[in-house]
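This report refers to the structure that appears directly beneath it.
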Amino acid sequence: MADTNKTKSHKWEMVIDLDRCTGCEACVVACHAENNIRISGEDEASEGRAINWIRIERYWEGEYPNVQTRFMPVLCQHCDDAPCEPVCPVYASYHTPEGLNAQVYNRCIGVRYCGNNCPYTARQFNWFDPHWDPPLEEQLNPDVTVRQNGIMEKCTFCVQRIRAGKEQAEKEGRPVRDGDIIPACVQTCPTSALVFGDRHDPESRVSQLARQDRAFHLLESQGTHPAITYLKRIA
Amino acid sequence: MNVGRRTLFKLAGAATAGSIIPGCKKEVDRLVPYLLPDDQIVPGVANWYASVCGECAAGCGILVRVMEGRAKKIEGNPDHPVNHGKLCAKGQASLQSLYNPDRLRHPFQREGPRGAGTFVPLKWEEGLQRLAQVLRDGRVPPMMVTRPVSGTLARLLSEFMDSMGGTLYFYAPDAELPLHAAWRESMGGDGAPVYDLAHADYLLSFGAPFLEHWLSPVAMGIAFGQMRQGRATVRGRYVHIEPRMSVTAANADQWLPIRPGSEGMLALGIGQLILDAHRSTAHGQEFERFHRFYGSVRLDEVEHVTGLSREVIVRLAQDFDAARAPVAIGGGSACSQTNGTLSLISINGLNALAHHLGRAPIAQGWCHDEARDDRSIPWLTEQMMFELAEKQDAGAGPVLLLYGCNPLFTMPRAVPIKTLFEQASFVVSFSSFLDETSEYADLLLPDRDALESWGDHVVENPAQTMGLSQPVVTPLYETQQIGDTILELSRRLNLGHGQSKTFYDLLRGRWKTVLADQPHTQTADWFEPEWIELLQQGGLWREPSQAAGPVNFAPSRAFEQARFVGEEPDYPFVLHPYASMALGHGEGANRPWLQELPDTLTTVVWGSWVEVNPRTAKDLGITHGDVVRVISPFGTLTASTVLFPGIHPDVVAMPLGQGHASYGRYAKNRGVNPAELLAPALDSMTGTLAAGATRVRIERTGEKRRLATLERPTMEPSDLIAIDRR
Ligand code: SF4
Ligand code: SF4
Ligand code: SF4
């Protein structure tokens, strides 16, 4: 790794092992619960307007009886060269020094250029104000903003957890350790298909896994340089 | 138990931290033992409470993040030996049970005719008085039907019913009684099946949905991840046999579609081939029973009945036999046939056989050392419904007490469950929601949510887990824990075991007895600090022991073929109803997160559908989105067609879970309930419903209805996957 000054700079990345992912979708609900993702309802969902920051894509291969299915969790790829960033007229979509593709909600004016330019369909637009039938709103996470109509949103790598992890380490006067910061989807994943960590730390689990032979990136040819490394499913 | 408990904790804790999820400990926030009083709540600071997930019988340990008195997020308890910090989608969504807008907030009594669903509010005092009165006046002993419970609540309920001369039954649509009945005959002993997938190198599943909702899905998911990628040199192979490719089956290296009900037959063939291969050594008394059971079948018959070629069957046998640590698991659709138990004996017998041939023991039965009060409680089967319905006249039946189940929704209409309700002299429900069954009650005495309740949960696993649940928030409404309601009734009826004032006292008392048998300090107040530590920890467990009971293959009957209801010319397809991963048998349908969770294989949200093989659809002249009538000898439903490449052409599948006529705003009047189509076919040995034994036909309606799906036509999925195939 280029940067060895690990107490100072981080580069947050994720590895997704497709040989482990079972399509159980625990990650999807965990993300909704953690990040105040609104409930869309059947009508909006049938318009394709339901919001999921992480989704499980399913591919059928072959024909009966020799059919095979593949699952692929897809979330914002936090690209180093993110196609969504340069097209935003108000710089709402920007890159943080730690490698996160971030969305500044109060800058966003809802032109949706970023969403159209994202090759992974990771960005989702709020076509209406969110609503929770009381008392469902009691569950909302106070650490995460509720997004209103006209705003673009997407996976943040659970930035609130990154912040909390760093603050805690600082309070204890030590560097952030591998495993201190765990996004909600990673936390719950029963098979440990999802692993999160600092690529600037060559010993972190995420760095070790990303060096495996099975590693690949989605749509590599587009030159987006994603922060998510997939590990191929075997067979 | 003879190891000091403190040592136990250390051992168990160290084992978890080292092996599975590093750094999951909640150091940032405080793990507190009891609900904090208002004046001790610090604004903006999160407290974490350990408890037990109440969404299924697996009993995963949870930690709940609470801020300013509100539960915000549920995560797995990293120290818990069942789920090691992980949770399934249902567990993650359980906050939407606590904060569900449609919860019953106080007692109600019926107004108008029974079943009309009109109720008026009532005070607790009046409700308890009323129930005590009807129990006192009852001419026949009362009957209670509950979801399976364990620990202190199981003991209380069974003592309560005993003291009134009544009967307590367990009922759960996913109980898989054939699996447990078969276990006794195929593996011997009274233990609960535990499959150590993490150490298997060859997994042969006959229909078991172990990655969705079967037995202990999170534990299975963790083990599956390890079986695939957790070992440096071994990657376990996995073959799945089932008429339809489930989400679980989609993870197999190979999925083999088979004719419904022929799973046991295939296992017979495999067993016979393995015995043949060991002809020179596999004889003597030990193998006698295997020869008798597996030798009863002809291989060409196996080919004919299963629809698999000889070559495939031989290869399965060879691969199973060649493995160092093979395991055969059966459940789900293999259980839901008229020969369910016999199929399971045949399937599990392969493990017994492998054991005798010296293979590593992956399938083992575990018993708990502590007395299990729930073990002796009978299950309410569909067969018993028929027997009970014959006994009484209308209104002369027992007082019926219902808790934690919805049999009027989950049992087929063709089973006389409704009769039981019509005959009952009085019906009381302790349900937290108004569902199809509680709509039929005379009195509603709503239970608290699991996250507002005290309790314990015994799990039969190698770690001998006893989970502790505690309220993580102040109860939202005027509800009462069922344990407290029962204790109050006992007092009013002078039944003698109402000495404990509250269920909490009873629970504490029981745990004090458990802990008293173990080494502890001899001070007078030894219990309090131990109790606090247990609450913080989430329960009591020990280091997993190695030894399981001996294996004894002793089937009481020979194999039988499955039978189906409906003549083939009129009803050419076998209906394959399956529990939805998110909604289960319907209990998840009132959680908006679960309704909006795309079904992994079809990506449908908020709805019902029928899965048809594309070839079959072509023959029928229907296509994706066409609304069809599904007609069985017992009913008709309409739903949209989904072309599903992973299903046998002679089978059509429908997910269970939708089709509620009640159960709150998110569930009501949405989709259809396939249970309405089912014939009252029963497993020949346990008398439980054979849900996969009904034939149907499909008719076009000419209508088209677009299903709400996540998969959008604008996405070009081939792009994303192209890289993976490279
Ligand atoms: S990292 Fe956080 S925000 Fe992103 S998908 Fe996972 S849970 Fe959602
Ligand atoms: S929780 Fe893990 S295994 Fe389940 S779908 Fe998500 S990534 Fe896959
Ligand atoms: S398997 Fe899921 S629903 Fe069952 S106890 Fe565990 S988390 Fe809860």
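Scope of the values below: all heavy atoms of this structure, side chains included, with no hydrogens, waters or symmetry mates. Quantities reported herein were computed from a predicted structural model and do not represent experimental measurements. Each chain gets a letter, A, B and so on, in the order its sequence line appears, and its residues count up from 1.
Within the 4.5 angstrom heavy-atom criterion, only side-chain atoms of B:Leu95, from C-beta onward, approach chain A. With a 4.5 Å cut-off on non-hydrogen atoms, B:Asn613 touches chain A through its side chain but not through its backbone. Neither the backbone nor the side chain of B:Pro614 comes within contact range of chain A; no heavy atom of the residue lies under 4.5 Å from a heavy atom of that chain. At a 4.5 Å heavy-atom cutoff, the contact between B:Gln96 and chain A is made by backbone and side-chain atoms alike. Proximity to chain A (any heavy atom under 4.5 Å) is restricted, for B:Phe644, to the side chain, taken from C-beta onward. For A:Cys27, no part lies under 4.5 angstrom from a heavy atom of chain B. Using a 4.5 Å cut-off between heavy atoms, B:Ala223 makes no contact with chain A at all. Proximity to chain A is limited to the side chain of B:Arg615, based on heavy atoms less than 4.5 angstrom apart. In this structure, the portion of B:Met245 lying under 4.5 Å from any heavy atom of chain A is its side chain and not its backbone. For a residue to count as touching a neighbouring chain, one of its non-hydrogen atoms must lie under 4.5 Å from one of that chain's; by this rule A:Tyr230 does not touch chain B. Residue A:Val144: no heavy atom, backbone or side chain, is found under 4.5 Å from chain B. Interface residue B:Ala71: only backbone heavy atoms are found under 4.5 Å from chain A. Neither the backbone nor the side chain of A:Asn66 comes within contact range of chain B; no heavy atom of the residue lies under 4.5 Å from a heavy atom of that chain. Heavy atoms closer than 4.5 Å to chain B are found in the side chain of A:Asp17, but not in its backbone. Of the two parts of A:Leu140, only the backbone, made up of N, CA, C and O, holds a non-hydrogen atom closer than 4.5 Å to a non-hydrogen atom of chain B. The contact between A:Pro65 and chain B is made by backbone and side chain atoms together, counting heavy-atom distances below 4.5 Å. Looking at B:Thr602, only its backbone comes within 4.5 Å of chain A, counting heavy atoms on both sides. With a 4.5 angstrom heavy-atom cutoff, B:Leu601 touches chain A via backbone and side-chain atoms both. Heavy-atom distances place the side chain of B:Lys73, and not its backbone, under 4.5 Å from chain A.
In this model, no donor atom of one side chain and acceptor atom of the other lie less than 3.5 Å apart for A:Asn116 and A:Arg123. Side chains of A:His32 and A:Glu34: no donor on one and acceptor on the other come within 3.5 Å. For the 3.5 Å distance criterion, the side chains of A:Glu61 and A:Tyr59 fail to qualify, holding no donor opposite an acceptor. For the residue pair B:Gln658/B:Gln595, the side-chain donor-acceptor check at 3.5 Å is satisfied. Side chains of A:Asn36 and A:Gln139: no donor on one and acceptor on the other come within 3.5 Å. A donor atom on one side chain and an acceptor atom on the other are not found under 3.5 Å apart for B:Tyr666 and B:Asn100. A side-chain N or O of B:Glu212 and one of B:Thr248 form a donor-acceptor pair less than 3.5 Å apart.
The salt bridge (Lys or Arg N to Asp or Glu O under 4.0 Å) test with A:Asp180 is passed by exactly one of A:Arg161, A:Arg163, A:Arg174: A:Arg174.
The aromatic rings of A:Trp127 and A:Phe125 stand perpendicular to each other, their planes meeting at an angle above 60°, with 30° marking the opposite boundary.
Between the side chain of B:Thr600 and the backbone N or O of A:Gly23 there is at least one donor-acceptor pair closer than 3.5 Å.
Centroid-to-centroid, the aromatic rings of B:Phe224 and B:Tyr238 come within less than 6.0 Å.
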